[in-house]
Every structure is written in C-alpha cells, then in structure tokens.
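As the structure is a prediction and not an experimental result, all values here were calculated from the model. These numbers come from the heavy atoms of this one structure, side chains and all, not from hydrogens, waters or symmetry mates.
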Amino acid sequence: MNARPAQRETGEEAEYPVADPRTGEIRVLSRKCDTCVLNPAVTAVPLAPGRRKAFIEEARAHEDGSVTCHSTLPPAAPPGTLAAMCRGFIDAYGLPAAAVEAIELFGARIVEVDPPQKNSACSAERNEPGTPTSCAP
C-alpha cells in the first residue's frame, strides 16, 4: 500500500510505501507531527492560499487516498526513516479503504510509530526567514 506519492527534487514522483507486505504492518504516526499541515497550530508548515484545501481534495478524490506524513519523507526525515500515514489525515478522514480491506481480509495490522526527529538540515532551513524550504509538502 502506497500513500500519496511524494515529489522528488527532479520533479518525478517517488513511491514511499507505508505498509510492509511481508509483515502485514501498516505504519501510521502515533500523533500529529509538529509541523502537520492538518494541525491548526502555529507550527504547521505554511502553505500557499488554497493549497491545504487542494491537497486534501486530491488525497480524498480516490477511494484509497491517504497522505504520507511529510516528516517521514526525504529530505525532512533522517536517513532510514520508514514512511508512515499522516495522523492528522487519518484522524480527520479515517483509514483508506485499502487499509481496512487489508486488515479484514489478510490480517494486516496498524502499527503506530512516533514522528521522527527533525532532520537538522530541514530544521536549520526553516529557521531562516525568507528561505524557501524543500522540507515542506
């Protein structure tokens, strides 16, 4: 099961699976990450006007749509971090149909993982006013 593909710096889409077919584990964050775009807190990643709404509509347009947490993807995540579904999206819209089906039919299971520690390169980049960040979704 792959959640929403991420864009590589080259512009091509990269797949980061949130499930391991060998173990049946489907990774979901245990809580919203500090910069969750679905978090109304001041710490949420800033998005252009209308981008949050379009982002959610895009993910929900597909029956199996879900969102991979940006903090579990490169370059925001430390090396070796496994992708996980966004807790903010799951809390708001529920598990995608494919995850529910995998649980019911094949015995897959949800594994909650803590949000990763911030990649220091992204943290430093975000702290410089006016500097565009490649760590945001």
Report task. Please step through side-chain contact (heavy atoms from CB on, under 4.5 Å) for the pair Cys69 and Leu73, ending with a clear verdict. Result -> CA-CA 7 Å; Cys69 175; Leu73 299 172; over 6 Å; no
Main chain of [Y], side chain of [X]: is a donor-acceptor contact present, judged purely on distance under 3.5 Å?
X     : Y     : answer
Arg52 : Pro46 : no
Asp20 : Glu25 : no
Arg27 : Ala83 : yes

Distance-minimising heavy-atom pair for [X] and [Y]:
X      : Y     : answer
Leu38  : Cys86 : CD1-SG, 4.1 Å
Thr68  : Tyr16 : OG1-O, 4.2 Å
Ala84  : Val18 : C-CG1, 3.7 Å
Pro116 : Pro78 : CB-CD, 3.9 Å

Query raised in the report: Is the shortest side-chain N to carboxylate O distance from Arg87 to Glu112 below 4.0 Å?
Result: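 Judged by the 4.0 Å cut-off on N to carboxylate O distance, Arg87 and Glu112 do form a salt bridge.
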Rounded at 0.5 Å granularity, tell me how far [atom1] in [X] sits from [atom2] in [Y].
X      : Y     : atom1 : atom2 : value
Ile110 : Ser30 : CD1   : OG    : 13.0 Å
Cys33  : His70 : SG    : NE2   : 4.0 Å
Asp114 : Ser71 : CG    : OG    : 10.5 Å

Shared hydrophobic cluster, [X] / [Y] (ILVMFWY, side-chain heavy atoms < 4.5 Å):
X      : Y      : value
Leu95  : Ile26  : yes
Val28  : Ile103 : yes
Val113 : Met85  : no
Leu47  : Tyr93  : yes

